[in-house]
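Below is one structure, written out as structure tokens, with a few remarks after it.
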Protein chains: 2
Amino acid sequence: MTLSEENYLKSIYSLQREHGKGVSTNVLSKYLDAKPASATEMIKKLDEKGLVRYQPYQGVLLNESGEISALKIIRKHRLWETFLAQKLDFSWDEIHDVAEQLEHIKSDKLIQQLDKFLGYPKYDPHGDPIPDEHGHVIKMEKKRVSQLQPGDTGTCIGVNDTSSSFLQFLDQQNIRLGSVIHIVNFQDFDKSMTVRIEDRELILSQIATENIYVRI
Amino acid sequence: MTLSEENYLKSIYSLQREHGKGVSTNVLSKYLDAKPASATEMIKKLDEKGLVRYQPYQGVLLNESGEISALKIIRKHRLWETFLAQKLDFSWDEIHDVAEQLEHIKSDKLIQQLDKFLGYPKYDPHGDPIPDEHGHVIKMEKKRVSQLQPGDTGTCIGVNDTSSSFLQFLDQQNIRLGSVIHIVNFQDFDKSMTVRIEDRELILSQIATENIYVRI
DNA sequence: AATAAAGTTTAGGCAAACCTAAAAAATATA
DNA sequence: TATATTTTTTAGGTTTGCCTAAACTTTATT
Ligand SMILES: [Mn+2]
Ligand SMILES: [Mn+2]
Ligand SMILES: [Mn+2]
Ligand SMILES: [Mn+2]
């Protein structure tokens with residue numbers, strides 16, 4: 001499989017999860033920073049290879065072998081992210097771009113040994129579950145902070161927005177994986193929330209609370 | 001720089017070191033497992049980019065910026081080899097192919113942190129010196145075992161032949177980096193040598209003694 | 001239902017990195 | 001030195017992955 005094919009499969013997997021139905025060439029191409037015509041071409045090729053189901057004008061969906069392939073790449077991506085964060089002291093916002101390259105290295109032994117070296121981690125530094133070698137993923141029912149009520153408490157397990165600026169903001173506010181977030185108050189007029197993290201109270205905007213995932 | 005350009009620069013660097021003069025398209029293409037016509041094309045492109053000096057029919061030579069670029073890739077290759085051997089328990093003969101891919105990952109921070117994580121190693125698992133971030137390499141006067149006399153003692157610092165079968169042979173014979181090799185005897189009829197390694201005597205063929213490097 | 005807008009595909013090109021086959025140059029041999 | 005052999009370059013193709021512009025299909029609006 002080529003680098004480009006791998007990136008398409010991974011993208012289709014993510015977008016398929018988000019929305020329900022077939023992923024349109026428009027959405028897919030925007031996600032990959034390419035043109036719709038390019039997406040159409042690639043989708044046709046993946047269909048011929050038996051990795052996706054594609055009906056013209058109806059979008060694309062991974063079939064079983066496509067999903068297994070996608071999960072293998074996601075496994076590699078998340079293991080490398082874990083390596084970069086835990087062993088090389090990369091910060092939350094720096095790991096993604098490098099992992100985007102490393103995920104395409106071809107060596108079964110490499111990824112097996114990396115997994116072992118890291119102590120068989122279950123989650124990556126963004127709180128996303130790492131698929132096992134057969135492509136099995138732990139299903140998590142994660143909630144957004146915005147879905148909690150005053151009085152509730154959640155443990156931060158990830159983010160939705162992975163932009164540098166947001167991740168840097170979280171770093172500054174000392175919000176990291178495992179942080180316990182207690183909801184103190186909810187302001188109706190702007191949907192912001194007052195939360196307590198490690199005995200420190202702060203106000204999070206609606207945008208912020210919608211982009212932080214917690215396990216309750 | 002593209003992956004292919006990087007591989008060409010690295011190859012030219014190695015071949016230039018071996019022979020003295022300009023590297024011919026024939027030699028270069030054989031080394032890279034490509035056709036001479038492809039080498040000519042690439043060389044012309046590298047010349048236009050100012051990385052090599054190329055005169056038709058006269059072969060190619062790296063100029064200063066080409067050499068710096070080559071050494072940066074070699075630095076990455078050797079750091080990754082060290083990582084694979086030291087941290088992921090790859091054996092001597094397994095590391096090269098994976099490092100051949102990893103050397104092309106683009107991230108200054110990655111290689112800086114990897115270097116730190118490994119404790120700023122000076123040599124790779126084959127005994128070759130790792131260039132520093134400015135492209136400076138330690139010049140080593142290494143000798144082949146075949147150049148030693150009975151009574152001499154050397155410390156194994158690398159190999160010339162990096163084929164799997166040779167490296168596996170060395171593994172079986174417990175010859176590794178740092179092994180102290182004492183020359184017991186030299187057989188004139190077949191140029192083989194009796195050597196002592198860790199209180200064990202064995203006979204090495206001429207082919208073997210010519211492909212093991214030692215520091216005396 | 002007819003028309004306008006938006007989304008999707010097709011057609012035709014382009015650059016990178018390969019290739020084969022033919023032409024040209026350098027080198028070896030008679 | 002003339003000819004044969006080897007090496008190198010050039011010319012023309014192919015594949016992958018991208019693009020733009022035009023044609024077509026679907027969806028939204030009047
Ligand atoms: Mn990627
Ligand atoms: Mn992640
Ligand atoms: Mn390489
Ligand atoms: Mn090496």
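Labels below follow one simple rule: chain letters A, B, ... track the order of the sequence lines, proteins then strands, and each chain is numbered from 1.
Among pairs with a residue in residues 30-50 of chain B, none fulfils ring-ring contact (aromatic ring centres under 6.0 Å, His included), at least two apart in sequence or across chains.
By the side chain to side chain donor-acceptor pair (under 3.5 Å) test, A:D132 pairs with A:H136, sequence neighbours left out.
An OP1 or OP2 oxygen of C:dG7 is reached within less than 4.0 angstrom by no side-chain nitrogen or oxygen of A:T25. At C:dA16, none of the side-chain N or O atoms of B:S4 fall inside 4.0 Å of OP1 or OP2 (strictly under the cut-off).
Comparing A:L3 and A:K35 by the nucleotide of DNA chain D that holds the closest heavy atom to each, the one mapping nearer the 5' end is A:L3.
Near DNA chain D, meaning a heavy atom under 4.0 Å from it, residues 37-45 of chain B has B:A37, B:T40, B:K44 in order of number. Residues from residues 46-55 of chain B with heavy atoms under 4.0 angstrom of DNA chain C: there are none.
Read 5' to 3', the first and last nucleotides of DNA chain D with an atom closer than 4.0 Å to a heavy atom of chain B are D:dT7 to D:dT10.
Looking only at distances, a side-chain donor or acceptor of B:N211 sits under 3.5 Å from a matching main-chain atom of B:I207. Between the side chain of B:K87 and the backbone N or O of B:A85 there is no donor-acceptor pair closer than 3.5 Å.
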Only pairs under 3.5 Å count here: list side-chain donor-acceptor contacts from residues 49-71 of chain B, not counting sequence neighbours, and write none if there are none.
{"from": "B:K49", "atom 1": "NZ", "to": "B:E5", "atom 2": "OE1", "distance (Å)": "3.3"}
{"from": "B:K49", "atom 1": "NZ", "to": "B:E5", "atom 2": "OE2", "distance (Å)": "2.8"}
{"from": "B:N63", "atom 1": "OD1", "to": "B:S65", "atom 2": "N", "distance (Å)": "3.3"}
{"from": "B:N63", "atom 1": "OD1", "to": "B:S65", "atom 2": "OG", "distance (Å)": "3.3"}
{"from": "B:N63", "atom 1": "OD1", "to": "B:G66", "atom 2": "N", "distance (Å)": "3.1"}
{"from": "B:N63", "atom 1": "ND2", "to": "B:G50", "atom 2": "O", "distance (Å)": "2.9"}
{"from": "B:S65", "atom 1": "OG", "to": "B:G50", "atom 2": "O", "distance (Å)": "3.1"}
{"from": "B:S69", "atom 1": "OG", "to": "B:S65", "atom 2": "O", "distance (Å)": "3.0"}

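Between A:H104 and A:N7, the side chains place a donor N or O and an acceptor N or O closer than 3.5 Å (distance only, hydrogens not considered).
By the 30° and 60° cut-offs, the orientation of the rings of B:F117 relative to A:F83 is perpendicular.
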